[in-house]
Enquirer: 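A single structure is presented below for examination.
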Amino acid sequence: YRYLDDSTNEPLGIYWLSIVVSDGTLETEYLFNLEVMNQAPILMTSYDDTADEGLTLSFTAETEDVMADEVKVTWAFEDGSSKDGNFIQYQFTDDGNYTIVVTARDEDGGETVEKIVVTIKNVAPIFSEFILPSAAQEGQALDFLISATDPGDDTITYTFDFGDNTALLLTTDGNVSHKFAEGDTFEIIICALDEDGGETCRTELLPVSLLEQLEEGGLPGFGLLGVISALGVMGILRRRTH
């Protein structure tokens, strides 16, 4: 005889058996008990053990137990949350190594516990807005509007190297202003960095014109200072002729 479940009698797991011997007129009965112990379920898990931050991963569990037992699977995560079910999904919002405790428990208290580890990799920020002037003149205040997103729960900072030997500008706000003291073509390097070392950079060329090259309405051969000086001389001559 095969017992398909432990007994629900008290104490748990005790079955009472009766053996009766009879000769047709008289009979003898022998009563004894048999302890049938519960067996914990067998647990098998399936999952991806490596992924990028921000992704939602799927976890699957298969269990084996006697048909009489109902098995419940629980997934416990490091943030204190838990999910029940043979198939669940979970989003990892930051990089790191995460331990997940998976428990398969049947209705009679049988329990199987498995610890699995998932490695989540950092992902560099992605530029979502990149606005800067296409040309400028020396001394002009230029506005740069930069923003980026990160799939993880990371703080983003921005660095600006304007290529004009000024100090590297570091800011948590991608909205900055800068003046170039001289005319030239400058190689500007703008980077977005997250707190875990992920970095995305972009390089742009910005032509900055000399101030006198933009004074097209002045006298031939004169820059801005020459025009101002000539106008002053003309004013003096006019006063002397009156």
Side-chain angles (χ1 to χ4, degrees), residues 1-22 28-126 128 148-156 192-200:
Y1 184 82
R2 182 163 65 97
Y3 289 90
L4 300 181
D5 196 11
D6 56 332
S7 173
T8 57
N9 297 327
E10 293 295 340
L12 191 66
I14 300 300
Y15 284 90
W16 291 97
L17 287 81
S18 172
I19 300 177
V20 178
V21 179
S22 173
T28 301
E29 180 182 12
Y30 179 72
L31 190 65
F32 66 97
N33 59 61
L34 176 66
E35 181 179 3
V36 178
M37 301 176 61
N38 183 56
Q39 295 294 314
I42 298 173
L43 172 64
M44 296 163 287
T45 57
S46 176
Y47 60 97
D48 291 328
D49 59 2
T50 303
D52 291 336
E53 63 180 358
L55 294 180
T56 298
L57 300 187
S58 298
F59 299 86
T60 302
E62 295 183 9
T63 60
E64 291 183 7
D65 206 334
V66 296
M67 293 183 60
D69 283 351
E70 181 180 350
V71 179
K72 177 181 178 181
V73 178
T74 301
W75 310 76
F77 297 91
E78 288 190 1
D79 62 359
S81 65
S82 63
K83 293 189 175 185
D84 296 331
N86 287 57
F87 175 80
I88 61 105
Q89 291 183 315
Y90 184 85
Q91 183 182 27
F92 293 90
T93 59
D94 202 6
D95 60 295
N97 295 319
Y98 295 88
T99 300
I100 305 165
V101 180
V102 191
T103 304
R105 182 180 296 105
D106 65 27
E107 60 190 52
D108 297 321
E111 186 176 274
T112 300
V113 178
E114 179 181 349
K115 291 184 179 181
I116 61 178
V117 177
V118 176
T119 299
I120 303 299
K121 298 178 292 184
N122 185 54
V123 178
I126 301 172
S128 56
T149 60
D150 193 284
D153 186 19
D154 293 338
T155 300
I156 300 176
L193 305 91
D194 65 28
E195 61 194 54
D196 297 315
E199 180 181 63
T200 299

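Note: hydrogens, waters and symmetry copies are ignored here, and every other heavy atom, side chains too, is used.
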Enquirer: Could you tell me how the ring of Phe77 sits relative to the ring of Phe92: parallel (under 30°), tilted (30 to 60°) or perpendicular (over 60°)?
Expert: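 Because their plane-to-plane angle is over 60°, the rings of Phe77 and Phe92 count as perpendicular.
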Enquirer: Please round to the nearest 0.5 Å and tell me the distance separating atom CG of Asp94 and atom CG of Asn122.
Expert: 7.0 Å
Enquirer: What is the minimum heavy-atom distance between Glu107 and Glu70, and which atoms define it?
Expert: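 Closest approach of Glu107 to Glu70, heavy atoms only: OE1-N, 2.9 Å.
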Enquirer: Any idea which heavy atoms bring Asp194 and Ala124 closest together, and the distance?
Expert: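 Nearest heavy atoms, Asp194 then Ala124: OD2-CA, 4.1 Å.
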Enquirer: Could you check Thr63, Asn38, Thr112 and say which one makes a side-chain hydrogen bond (donor to acceptor under 3.5 Å, both in side chains) with Asp106?
Expert: Asn38
Enquirer: Could you report the tightest heavy-atom contact between Glu195 and Asp153, atom names first, then the distance?
Expert: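 Of all heavy-atom pairs spanning Glu195 and Asp153, the closest is OE2-O, 4.2 Å.
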Enquirer: Between Ala148 and Ile156, which heavy-atom pair has the shortest distance, and what is it?
Expert: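 Shortest heavy-atom contact: O-CD1, 3.4 Å.
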Enquirer: Minimum heavy-atom separation for Pro41 to Ala104, with atom names?
Expert: CG-O, 3.6 Å
Enquirer: Considering residues, nucleotides and ligands other than Tyr30, do more than 12 of their heavy atoms fall under 6.0 Å from its OH?
Expert: no
Enquirer: Could you tell me whether the side chain of Val66 reaches within less than 4.5 Å of the side chain of Gln39, counting heavy atoms only?
Expert: no
Enquirer: Can you tell me how far apart CD1 (Ile116) and CD (Glu114) are? Round to the nearest 0.5 Å.
Expert: 6.5 Å
Enquirer: Around atom CG of Asp48, are there more than 12 heavy atoms from other residues, nucleotides or ligands closer than 6.0 Å?
Expert: no
Enquirer: Are the side chains of Phe32 and Ile19 in touch, meaning some heavy atoms are under 4.5 Å apart?
Expert: yes
Enquirer: Using 0.5 Å steps for rounding, measure from the CG atom of Asp95 to the NZ atom of Lys121.
Expert: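 Asp95 CG to Lys121 NZ: 11.5 Å, rounded to 0.5 Å.
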Enquirer: Could you grab the distance from atom CD1 of Ile88 to atom CD1 of Ile100, nearest 0.5 Å is fine?
Expert: 7.0 Å
Enquirer: So do the side chains of Ser58 and Thr60 get within less than 4.5 Å of each other, counting heavy atoms only?
Expert: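 SC-SC contact between Ser58 and Thr60 ruled out.
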Enquirer: Quick one: NZ on Lys115 to OG1 on Thr99, what's the gap to the nearest 0.5 Å?
Expert: 7.5 Å
Enquirer: Does one side chain, of Gln89 or Thr56, offer a donor that lies under 3.5 Å from an acceptor on the other?
Expert: no
Enquirer: Would you say the rings of Tyr90 and Trp75 are close, in the sense that their centroids are separated by under 6.0 Å?
Expert: no
Enquirer: Atom CD of residue position Glu62 - does it have more than 12 heavy atoms of other residues, nucleotides or ligands inside 6.0 Å?
Expert: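 For Glu62, atom CD is not crowded (no more than 12 foreign heavy atoms under 6.0 Å).
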Enquirer: Could you check if a side-chain atom of Thr45 sits within less than 4.5 angstrom of a side-chain atom of Phe59, using non-hydrogen atoms only?
Expert: no
Enquirer: About how many Å separate CD of Glu53 and CD of Gln91, when rounded to the nearest 0.5 Å?
Expert: 10.5 Å
Enquirer: What closest approach, in Å, do Val73 and Val102 show between heavy atoms, and which atom pair accounts for it?
Expert: CG1-CG1, 3.9 Å
Enquirer: Do Ile120 and Leu57 touch side chain to side chain, with heavy atoms closer than 4.5 Å?
Expert: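 Side chain of Ile120 against side chain of Leu57, heavy atoms only: contact under 4.5 Å found.
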